[in-house]
Amino acid sequence: MTDRSHEQVSALLDNAVADAREREQQLDNLLSDTEAQQAWGRYALMGRIMKDEAATRMPVDISAAVAAQLAQEPQQDKVVQGRFGARAVPQMLQRWLRPAGSVAIAAGVALVAVLTVQQSQPVMPEESMEPAFATTPIGGRSPVSYNTVLQSNEPTQAELAQQRRLLQFYLLDHNNQLQLSLQAQQLNEQSQNQQQPATAEEQEPRLPNDN
Amino acid sequence: MTTNLLSSSLLGLLLFTAAPVLAQTSPASELQPTAPVSAAEQRFNEMAQALRELNFEATLVRSTGNRLEPMTWLHGNYEDGPEVELIVMLNGPDRRIVRLGDDTSYYFQPMDDSYTLRSDVTYGLLPAAFYQNFAALKPHYQVSAAERGVRITGRETKFLRVLSRDNDRYHYGLWIDNESGMLLKMQMTTPQGEVLEQLQLTTFVEREAIPISLSDLRGIQRPPRLHEIRNRVAPQFGAKPTYLPAGFELLRSNHRYLAATRLPTDHFLYSDGLTEVSVYVTESEAQSLPELGIQGPESIYNTNLQNYAVTVVGKLPLATLQRIAENMALVSE
């Protein structure tokens, strides 16, 4: 397709072809020429973008989707107890309070760099992580420095997995407690505000001294 | 254009009104050198306000190490007051957070895991301290401003740096939209400058009123509220932290099983207003972790102290965790 015909398409798009007969002829060309049609599409899109009219995909109505989804879900009216104690089913607890917006637990550990290895082997914190540790033969890289750390009584794969799991639980627990602590502070703040209605509007510094 | 003028005159007004306050707190602050600091603090406070008051629709990506998490972030204020916020994770399992005023609900699939907490900040996206004035952080952090930031998401920004005064904690870089005061990018780094976590808005649209998609969120069903068991058991093992960086205060301490394990554990939770650290004590025989330290967005350090395993977890440099762990006092025997 020549520059000339590009120009024609462009002019056609902008309604800049004055002569009616010429316009008709160019329209004929356009209809018979796929390349010209593509050019038309591109120009039209470019025009819209430049005029800031391109269809924005932003306002996806998420609330409707949430509402619809929730409507389908079974009713949950039981109150969840903070399950620290023995009654908890481990499987459920494991999922409880998974920090949603957050810190995905795994993520926290995923990008770890082992800085200090004092006596024993470092623990490989995340299954999906490609470990750099010489204790695991599957890893691609194995820094030489770690080899010197190795001892004969190196832990088995199962032990390593167990240790990883435990580390995750520590991180999980930490995040759970943070959320509960956030709630406790809020409740504390609110009860204080109820006692002193005059300051109810004030945004108090939230964190200090709540035991 | 008019909004620009308006906001700049508003800024001028705020600075003007802030000046006497500053003079009150320290007489020396009228001198030139402190002036940029107060401007930075002012900007931080404007960001805190923007996070509460703006109506916006945004998408963002959080990057931790080699992991990327895209999400949608909508925020608005109902005409009659309450704030509403919706965060939707776009990759992986469908997870959503809905915050209406003081109630934050975390939705998971399956629904059984969903829960509601009483909290006026959404946990996990930004530190709760970013929703308040900087004054709360001032004893242990300082904020400084660069003349101007780079372009973020196609918008001009100002750059703020939140530094710990003692280098025992992580630092934050904040890019703040000139026009709206909105946080457009955040970096959490080690004191040495290594980036551990980043948040980057990829689209940001400010709205006059509450985004339409949030307007009917009030009607949705909320998952059950999470209550804590009231009677907590006090720590049992008699090992207590004696060192914490300045400003860390005890939020809670108790004795219980660790998360989903059957590991009897003492737990101490401390906060300095911006970040938190947990200290766990358990019997080393039952725990059997080697000594180890991992530095990341959440660092973890484990060591043994006589018969006890001490594990310290938090958004802090590993060296700090190590110092906490090595300064435990055994109270009994």
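Here is how names work: the chains are called A, B, and so on, in the same order as the sequence lines, proteins then strands, and each is numbered from 1. All values reported here derive from a predicted model rather than from experimental measurement.
Only the side chain of B:Leu269 comes within contact range of chain A, with heavy atoms under 4.5 Å apart. Contacts of B:Leu137 with chain A are absent, with no heavy-atom separation under 4.5 Å from either backbone or side chain. There is no contact between B:Ser105 and chain A, counting heavy-atom distances below 4.5 Å. The contact between B:Ser288 and chain A is made entirely by backbone atoms, counting heavy-atom distances below 4.5 Å.
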- Could you please spell out the steps behind the side chain to side chain contact (heavy atoms under 4.5 Å, CB included) verdict for B:His267 and B:Ser278? CA-CA 7 Å; B:His267 176 230; B:Ser278 279; 2.8 Å; yes
- Start with the C-alpha distance between B:Asp216 and B:Arg218, add both sets of side-chain angles, then the distance that settles salt bridge (charged side-chain N to carboxylate O under 4.0 Å, His left out), and finish with yes or no. CA-CA 5 Å; B:Asp216 54 351; B:Arg218 262 177 176 176; over 6 Å; no
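Remark: the backbone N or O of B:Arg118 is paired with a side-chain donor or acceptor of A:Gln183 at under 3.5 angstrom.
Under a 4.0 Å N-O distance rule, the pair B:Asp103/B:Arg225 qualifies as a salt bridge.
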